Amino acid sequence: MNNIVIYFLKLFICLIIIVVIMRLWSKNQEKIFFINSRKVAFPSQLFYKTDDGRYLAYWPKDYRGRKSTLQSRNSLIGKFTEEWVCKLFGRLIVDDDLYLVKQAIIPSLGITSRSPVDLVISTANRKILKASEVKVIFEVKMSIVWNWQYFDDSNNVVEIGDFRTHQGKPSFTRSDSILKAIGKCIGIRVSSFESSKIPIVVIGNAPLSNGFCKKADHLKRVGVIQGFWSLNPFPLNHGNTRKTTPYGGYIRFNNTSELKRNLDNLFSQDLNFFSGMENPKTLGKYIEIANNENNYEDKGLKFLKLIRRY
DNA sequence: AGCTAATCCACGAACGCCGA
DNA sequence: TCGGCGTTCGTGGATTAGCT
């Protein structure tokens with residue numbers, strides 16, 4: 001009796017942690033980024049300075065003065081968001097045999113130290129991994145979404161508008177960022193058949209550029225990328241944004257438990273990527289041969305072998 | 001004519017590798 | 001040990017296409 005009470009108490013506490021304490025991306029995360037980064041960087045390395053002497057994260061849409069392009073903030077926000085995603089997923093994954101590895105190197109997939117993948121879930125706690133140890137690959141593409149003003153007298157930042165009010169386009173709203181992510185994922189897919197069992201997910205914190213909604217769904221259908229996931233529930237100050245694309249190629253998560261459901265779903269399926277360019281006659285032949293196997297699973301595996309010409 | 005989106009190019013800092 | 005090279009990070013500028 002006591003054990004059952006304790007069990008439910010534990011479950012309850014877990015639920016509270018997931019729903020209340022663990023938050024997805026929000027303005028508060030960006031504030032933390034600036035306050036933290038201020039300890040290692042000058043304001044001029046984190047903010048633009050306008051002609052009238054204000055420190056801003058982005059150039060406002062109506063700003064007509066002299067402008068420059070910050071480079072010093074890029075790797076800082078890259079590091080911060082990667083670390084943030086790692087911590088978030090670390091708390092969602094309860095399995096003791098799974099590890100999160102940042103900047104992972106997977107030589108058999110052509111992923112070398114020159115261009116490591118941002119984050120993977122792996123069965124081994126090492127930087128250099130075998131393809132068979134990698135459960136999921138995450139490509140993190142997150143930005144500062146809101147515009148911020150910095151006050152150096154109080155060392156404080158204040159939010160001054162969402163991404164519709166400034167010129168820079170954050171994360172998934174930028175089409176060439178998406179192209180870059182797709183390119184990297186294709187690179188992994190075509191590197192080796194060993195990658196065909198590994199789901200790839202792109203993580204962002206802004207709505208997906210309209211032009212890529214259909215493509216995101218197609219990429220999921222054909223198996224190249226298992227999803228573009230936005231971890232920012234409320235990217236706008238007023239109004240709503242797209243929750244998901246019809247086939248779920250893009251999803252905006254409302255909370256961490258929803259994220260966890262989708263993550264678990266990725267693990268529960270034994271997914272296989274396959275592709276080809278073959279005439280119907282040859283495909284028919286493959287299907288006939290594969291059909292000689294005893295059950296659906298073996299038939300499927302045989303078919304995969306055939307189209308890959310093992 | 002004026003707007004937006006897509007695309008391509010460039011930027012500077014950081015980091016790891018490799019050869020001298 | 002040092003310097004060059006390749007790569008990534010996220011943002012801005014320029015140009016073009018397409019829409020109203």
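By convention in this document, chain letters (A, B, ...) are assigned in the order of the sequence lines, proteins followed by strands, and residues within each chain are numbered from 1. The figures that follow rest on heavy atoms only: side chains count, while hydrogens, waters and symmetry mates do not. Treat the numbers as computed from the prediction; the structure is a model and nothing was measured.
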For [X] and [N], give me the distance from atom [atom1] to atom [atom2], rounded to whole Å.
X: A:E82; N: C:dG10; atom1: CD; atom2: C1'; value: 13 Å
X: A:L119; N: C:dT8; atom1: CG; atom2: C1'; value: 16 Å
X: A:L76; N: C:dT8; atom1: CG; atom2: C1'; value: 14 Å
X: A:L179; N: C:dC9; atom1: CG; atom2: P; value: 14 Å
X: A:I77; N: C:dT11; atom1: CD1; atom2: P; value: 7 Å
X: A:K61; N: B:dG2; atom1: NZ; atom2: P; value: 18 Å
X: A:N210; N: B:dA6; atom1: CG; atom2: C1'; value: 12 Å
X: A:Q103; N: C:dC9; atom1: CD; atom2: P; value: 8 Å

Modelled atom types, side-chain donor and acceptor of [X] and [Y], under 3.5 Å:
X: A:N255; Y: A:R23; answer: no
X: A:Q103; Y: A:E82; answer: yes
X: A:K27; Y: A:N237; answer: yes
X: A:Y150; Y: A:R54; answer: no
X: A:R252; Y: A:T241; answer: yes
X: A:T245; Y: A:D217; answer: yes

>> Taking the six-membered ring for Trp, are A:F172 and A:F212 closer than 6.0 Å centroid to centroid?
In response: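 No, too far apart.
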Does a side-chain N or O from [X] land closer than 4.0 Å to OP1 or OP2 of [N], or not?
X: A:K169; N: B:dA5; value: yes
X: A:Y58; N: C:dG10; value: no
X: A:S115; N: C:dT8; value: yes
X: A:K141; N: C:dG10; value: yes

> For the side chain of A:T81, counting heavy atoms from C-beta on, which of C:dC9, C:dG10, B:dT7 is nearest?
Replying inline: C:dG10
Sugar-phosphate only, base, or nothing, as touched by [X] at under 4.0 Å among non-hydrogen atoms:
X: A:E139; answer: sugar-phosphate
X: A:S209; answer: sugar-phosphate
X: A:F80; answer: nothing

> Between A:D97, A:L98, A:V101, which is the residue that forms a side-chain contact (heavy atoms from CB on, under 4.5 Å) with A:S122?
Replying inline: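 The passing option is A:V101.
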> Taking the six-membered ring of A:Y247, is NZ or CZ of A:R221 closer than 6.0 Å to its centre and within 45° of its axis?
Replying inline: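 Judged by the rule, A:R221 and A:Y247 form a cation-pi pair.
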> Mapping A:K184 and A:A57 onto DNA chain C by nearest heavy atom, which one lands closer to the 5' end?
Replying inline: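 Nearest nucleotide further toward 5': that of A:K184.
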Check nucleotides 14-20 of chain C for protein N or O atoms closer than 3.5 Å to its own N or O atoms and list the pairs.
none

> Just by protein heavy atoms under 4.0 Å, how would nucleotides 9-20 of chain B read 5' to 3' in B, S and -?
Replying inline: B-BB---BS---
>> Could you go through A:F253 and A:W229, starting from their C-alpha distance and side-chain angles, then the distance that decides it, and tell me whether this counts as ring pair (Phe, Tyr, Trp, His ring centres under 6.0 Å)?
In response: CA-CA 7 Å; A:F253 290 98; A:W229 292 1; 5.2 Å; yes
